[in-house]
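All remarks here apply to the structure that follows.
Only heavy atoms go into these numbers, but all of them, side chains included; no hydrogens, no water, no symmetry mates. In listed order, ligands and their atoms are each counted from 1.
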Amino acid sequence: MSREFIYSGSPAHIIFGEGKSATAGEWVEKLGCARALVLSTPQQKADAEALAARLDSLAVDVFADAVMHTPVGVTEEAMEVVRLLKADCVISLGGGSTTGLGKAIAYRTDLPQIVIPTTYAGSEVTPILGQTEGGRKTTVRHASILPEVVIYDPVLTLGLPVGMSVTSGLNAMAHAVEALYAEDRNPISTLMAAEGLRAFKTSLLDIVAMPKAADARADALYGAWLCGTVLGTVGMALHHKICHTLGGTFDTPHADTHAIMLPYTAGYNAVAVPKLLAPVADIFGGSVGAGLWDFARQIGAPLALKDLGLSEADLDRAAGIATENPYWNPRPIDRQSIRALLQDAWEGKRPA
Ligand code: NAD
């Protein structure tokens, strides 16, 4: 069998370890900056203010209005603050929503970003930005979007509620599953994807049993780095397309949608590429779809689209939108098969 691939390493600096968020100031200086704007959601404002206080004169202010799906209106408000205070870098403290705001500012200004992730979604290591305007979500991929420095401090995820740990972990796992069969996969992305899935398999089970288990938190964050990195380096297919459709058109919650859809999309594609998805079957046991579904149930993840407020009548429209523009997928896609897949996911039926 011939082997052919293109590999480009990510230029991001990754700092990983307990307590490492205390080095944020050093990284502001290493970037040649002195006026950091700290970003967060309203829910994490107190943590952002504490970080800004520790940074002392290196932080110019806190902007704590980040929300999910990066609305352009919020980015424009943050841009006003950036201009007014002459910020020369941003520090995003939070999950994918806060990271999204930092990326949106960097995309418009090319300011360097330091991200301190507090969920397992994996956005911090991708050059991808999804933003919403007028009810439409569009995605851009650009070098300026990739954060320069990511500080993974597992201590900051000790308090991440178990439900959110589970869904953001499954969100990251979906990046890895799709990376295993990506058209532009390479040996490194495949190694990272399988290692990321293994890290989540044990850590999510442990977090559910013992939410304060420091080792499990560190392993989950390690999985987030691996799975996020592969999302940033290879193209995605059916799974991300369907989740984008459901989130963008029906406003279903991002991480829950990924968590529910993963066993169905992976099971669908496993029919065409069983060898490429063999690591998933090995790690989770049994068949790809059923193995992932059993794991999701074991860790208490949401299992059915109907529980996200989606009506059965919405499925026809969702299948139409998800198949209207052709894109690469290892197994051919047509409206009828995607409609059937959505029906199973809506009911929460264990994949065959
Ligand atoms: P989130 O950032 O929306 O966080 C959800 C809530 O949890 C927020 O209120 C947040 O403040 C809170 N929270 C975060 N960490 C916490 C902690 N440790 N303790 C307590 N509360 C905490 O959730 P998410 O799933 O990380 O991010 C979802 C967003 O990320 C979506 O907008 C999605 O599109 C985006 N995303 C983007 C990419 C990419 O590569 N572009 C990848 C994955 C996700």
Side-chain angles (χ1 to χ4, degrees), residues 10 12 21 38-48 50-51 62 64-72 74-75 92-104 106-107 113 115-132 137-142 145-147 150 152-176 178-179 196 207 211-212 217 220-221 223-236 239-240 243-248 251-259 262 301-302:
S10 164
S21 54
V38 179
L39 309 174
S40 77
T41 60
Q43 293 79 10
Q44 290 176 285
K45 187 176 181 183
D47 293 336
L51 172 63
V62 170
D65 288 331
V67 288
M68 202 172 282
H69 303 312
T70 326
V72 169
V74 173
T75 302
S92 308
L93 175 71
S97 297
T98 303
T99 303
L101 175 61
K103 287 173 160 184
Y107 184 51
Q113 308 167 66
V115 183
I116 308 175
T118 62
T119 71
Y120 308 129
S123 172
E124 62 281 351
V125 276
T126 79
I128 305 165
L129 164 67
Q131 35 185 5
T132 47
K137 186 164 182 174
T138 50
T139 303
V140 275
R141 200 182 256 265
H142 192 268
I145 293 168
L146 181 76
V150 182
Y152 286 107
D153 186 342
V155 174
L156 302 185
T157 71
L158 280 173
L160 181 66
V162 169
M164 224 184 292
S165 303
V166 161
T167 53
S168 72
L170 286 164
N171 180 189
M173 281 171 51
H175 311 330
E178 289 232 293
I207 287 169
K212 300 280 180 199
R217 292 294 185 176
L221 208 52
W225 167 59
L226 292 162
C227 296
T229 300
V230 293
L231 169 66
T233 49
V234 301
M236 297 286 120
H239 174 84
H240 282 75
C243 292
H244 195 101
T245 301
L246 294 173
D251 206 26
T252 57
H254 180 87
D256 297 53
T257 308
H258 275 270
L262 181 60

| Going by atom types only, do T41 and S97 share a side-chain donor-acceptor pair under 3.5 Å? | no
| Donor + acceptor pair across side chains of Q131, T75 (<3.5 Å) | no
| message | Quick one, K103 with T70, criterion side-chain hydrogen bond (donor to acceptor under 3.5 Å, both in side chains). Give me CA distance, side-chain angles, the key distance, then yes/no. | response | CA-CA 9 Å; K103 287 173 160 184; T70 326; over 6 Å; no
| Listed by chain and number, what are the ring-ring contact (aromatic ring centres under 6.0 Å, His included) partners of H244, not counting sequence neighbours? | none
| With sequence neighbours excluded, residues passing side chain to side chain contact (heavy atoms under 4.5 Å, CB included) with D153 | S21, V155, L156
Distances for all N or O pairs of ligand 1 and the protein under 3.5 Å?
{"unit_1": "ligand 1", "atom_1": "2 (O)", "unit_2": "G96", "atom_2": "N", "d": "3.0"}
{"unit_1": "ligand 1", "atom_1": "2 (O)", "unit_2": "S97", "atom_2": "N", "d": "2.9"}
{"unit_1": "ligand 1", "atom_1": "2 (O)", "unit_2": "S97", "atom_2": "OG", "d": "3.4"}
{"unit_1": "ligand 1", "atom_1": "3 (O)", "unit_2": "S97", "atom_2": "OG", "d": "2.5"}
{"unit_1": "ligand 1", "atom_1": "9 (O)", "unit_2": "Q43", "atom_2": "OE1", "d": "3.2"}
{"unit_1": "ligand 1", "atom_1": "11 (O)", "unit_2": "T41", "atom_2": "OG1", "d": "2.6"}
{"unit_1": "ligand 1", "atom_1": "11 (O)", "unit_2": "Q44", "atom_2": "OE1", "d": "2.7"}
{"unit_1": "ligand 1", "atom_1": "15 (N)", "unit_2": "Q44", "atom_2": "NE2", "d": "3.3"}
{"unit_1": "ligand 1", "atom_1": "15 (N)", "unit_2": "T118", "atom_2": "O", "d": "3.3"}
{"unit_1": "ligand 1", "atom_1": "15 (N)", "unit_2": "T118", "atom_2": "OG1", "d": "2.7"}
{"unit_1": "ligand 1", "atom_1": "18 (N)", "unit_2": "T118", "atom_2": "O", "d": "3.1"}
{"unit_1": "ligand 1", "atom_1": "18 (N)", "unit_2": "L156", "atom_2": "O", "d": "3.2"}
{"unit_1": "ligand 1", "atom_1": "26 (O)", "unit_2": "G96", "atom_2": "N", "d": "2.8"}
{"unit_1": "ligand 1", "atom_1": "26 (O)", "unit_2": "T119", "atom_2": "OG1", "d": "2.6"}
{"unit_1": "ligand 1", "atom_1": "27 (O)", "unit_2": "G96", "atom_2": "N", "d": "3.2"}
{"unit_1": "ligand 1", "atom_1": "32 (O)", "unit_2": "H69", "atom_2": "N", "d": "3.1"}
{"unit_1": "ligand 1", "atom_1": "34 (O)", "unit_2": "K137", "atom_2": "NZ", "d": "3.0"}
{"unit_1": "ligand 1", "atom_1": "34 (O)", "unit_2": "H254", "atom_2": "ND1", "d": "3.4"}
{"unit_1": "ligand 1", "atom_1": "40 (O)", "unit_2": "T126", "atom_2": "OG1", "d": "2.6"}
{"unit_1": "ligand 1", "atom_1": "41 (N)", "unit_2": "I128", "atom_2": "O", "d": "2.9"}

| query | ring-ring contact (aromatic ring centres under 6.0 Å, His included) with H69: which residues, sequence neighbours excluded? | reply | none
